[in-house]
**Q** 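Take a look at the following structure, please.
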Amino acid sequence: KELLCDLVGISPSSEHNVLKDAVLKKLGGDNTQLEAAEWLGLLGDEQVPQAESIVDALSKHLVMKLSYGPEEKDMIVMRDSFGIRHPSGHLENKTIDLVVYGDINGFSAMAKTVGLPTAMAAKMLLDGEIGAKGLMGPFSKEIYGPILERIKAEGIIYTTQSTIQP
């Protein structure tokens, strides 16, 4: 509480509701962000972990607050929707859906969907499967095609829907 009071420019002896109002003002009146700050315990009297900086202290606090419990796992839900105008003039609306769960005491969903494809791309580079040189994104079929097949083999399944309008 004292640290947050200092950051919003009010006295450390301020009442909770004064702190809450000052934080809400600092957040531009966004009640959702205020509720998140309260849930994270940022407006309470809990001692701030000792650290080299405010960011490090916040990081340590969040690790204590947000670490997975013994039987918890993460989940990623993604939906990408976009339109493609074909040379023929037709408009294709495409939707890709993905739901991935982490494993209890295993790889997180984030590791599976970010780390694994990155490792696959690195291996493809090392093995000479990617012939392009320099800085590149995964936008060519030479790169994303094999990776999509390999993540499917690892159990990361996505679905696609497509509708074409004349």
Side-chain angles (χ1 to χ4, degrees), residues 3-4 7 23 26-28 30 32-42 46-166:
L3 176 60
L4 207 50
L7 291 173
V23 170
K26 194 79 162 174
L27 294 172
D30 188 331
T32 302
Q33 288 185 33
L34 178 65
E35 288 172 14
E38 284 188 297
W39 183 85
L40 289 168
L42 301 179
E46 192 175 325
Q47 193 69 22
V48 175
Q50 191 167 358
E52 296 293 316
S53 69
I54 291 172
V55 172
D56 288 341
L58 176 62
S59 178
K60 285 182 177 184
H61 176 77
L62 293 177
V63 164
M64 292 185 302
K65 184 74 176 174
L66 299 175
S67 292
Y68 296 126
E71 297 298 314
E72 291 181 322
K73 57 185 176 179
D74 68 334
M75 174 178 79
I76 291 177
V77 178
M78 180 190 79
R79 169 169 273 186
D80 283 333
S81 296
F82 47 93
I84 302 165
R85 177 73 62 190
H86 291 276
S88 65
H90 291 84
L91 177 64
E92 180 180 2
N93 291 312
K94 192 165 199 150
T95 303
I96 303 169
D97 292 322
L98 172 77
V99 177
V100 178
Y101 296 93
D103 300 322
I104 294 174
N105 300 321
F107 289 115
S108 67
M110 185 64 76
K112 291 178 182 181
T113 58
V114 177
L116 186 58
T118 302
M120 289 173 175
K123 177 115 171 62
M124 288 170 66
L125 276 169
L126 291 172
D127 292 346
E129 287 182 65
I130 298 175
K133 303 289 182 208
L135 182 63
M136 68 193 101
F139 307 115
S140 74
K141 196 162 188 151
E142 171 193 18
I143 298 171
Y144 72 76
I147 291 175
L148 289 176
E149 289 303 314
R150 290 169 187 172
I151 64 170
K152 224 183 254 183
E154 294 292 330
I156 299 172
I157 308 297
Y158 58 92
T159 59
T160 62
Q161 274 188 314
S162 190
T163 57
I164 297 180
Q165 301 170 352

**Q** Minimum heavy-atom separation for I157 and L98, please, with both atom names.
**A**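 Taking I157 first and L98 second, the nearest heavy atoms are O-CD1, 3.4 Å.
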
**Q** Using a 4.5 Å cut-off on heavy atoms from C-beta on, say whether the side chain of L7 contacts that of I54.
**A** yes

**Q** So, H90 versus S88: side-chain donor-acceptor pair below 3.5 Å or not?
**A**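 Yes.
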
**Q** Does anything in residues 150-166 form a side-chain hydrogen bond (donor to acceptor under 3.5 Å, both in side chains)? List the pairs, not counting sequence neighbours.
**A**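 Matches after skipping sequence neighbours: E92-S162, E129-R150.
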
**Q** Hey, are the side chains of M124 and I147 touching, using non-hydrogen atoms and a 4.5 Å cut-off?
**A**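 Yes; the side chains approach each other to less than 4.5 Å.
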
**Q** Just jot down the side-chain contact (heavy atoms from CB on, under 4.5 Å) partners of Q33, sequence neighbours excluded, or say none.
**A**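 L27, D30.
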
**Q** List for me each residue that meets salt bridge (Lys or Arg N to Asp or Glu O under 4.0 Å) alongside E142, sequence neighbours excluded, and say none if there are none.
**A** none

**Q** Who are the side-chain contact (heavy atoms from CB on, under 4.5 Å) partners of A57, not counting sequence neighbours?
**A**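 Expected list: V48, A51.
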
**Q** Would you mind writing out the side-chain donor-acceptor pairs for residues 61-71 within the sub-3.5 Å range, not counting sequence neighbours?
**A**
unit_1, atom_1, unit_2, atom_2, d
H61, NE2, L40, O, 2.6
K65, NZ, W39, O, 3.1
S67, OG, V63, O, 2.4

**Q** Which residue pairs satisfy the salt bridge (Lys or Arg N to Asp or Glu O under 4.0 Å) criterion with at least one member in residues 46-56, sequence neighbours excluded?
**A** none

**Q** Would you compute the distance between atom CD1 of I130 and atom CD1 of I143 and round it to the nearest 0.5 angstrom?
**A**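 That separation rounds to 4.5 Å.
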
**Q** Of all heavy-atom pairs between V100 and A109, which one has the smallest distance, and what is that distance?
**A** O-CB, 3.4 Å

**Q** Name all residues meeting the side-chain contact (heavy atoms from CB on, under 4.5 Å) criterion together with A122; count only those two or more places apart in sequence or in a different chain, and write none if there are none.
**A** none

**Q** Could you work out, with side-chain contact (heavy atoms from CB on, under 4.5 Å) as the rule, every residue matching K26, not counting sequence neighbours?
**A** V8

**Q** In residues 77-85, what donor-acceptor pairs under 3.5 Å come from side-chain atoms, sequence neighbours left out?
**A**
unit_1, atom_1, unit_2, atom_2, d
R79, NE, D97, OD1, 2.6
R79, NH2, D97, OD1, 3.3
R79, NH2, D97, OD2, 2.9
S81, OG, T95, OG1, 3.4
R85, NH1, G89, O, 2.6

**Q** Looking at every heavy atom in both Y144 and F139, which two are closest together, and how far apart are they?
**A**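 Smallest interatomic distance, heavy atoms only, reads CE2-O, 3.6 Å.
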
**Q** What pairs meet the salt bridge (Lys or Arg N to Asp or Glu O under 4.0 Å) rule with one or both residues in residues 107-125, with sequence neighbours excluded?
**A**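 Qualifying pairs: D103-K112, K123-D127.
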
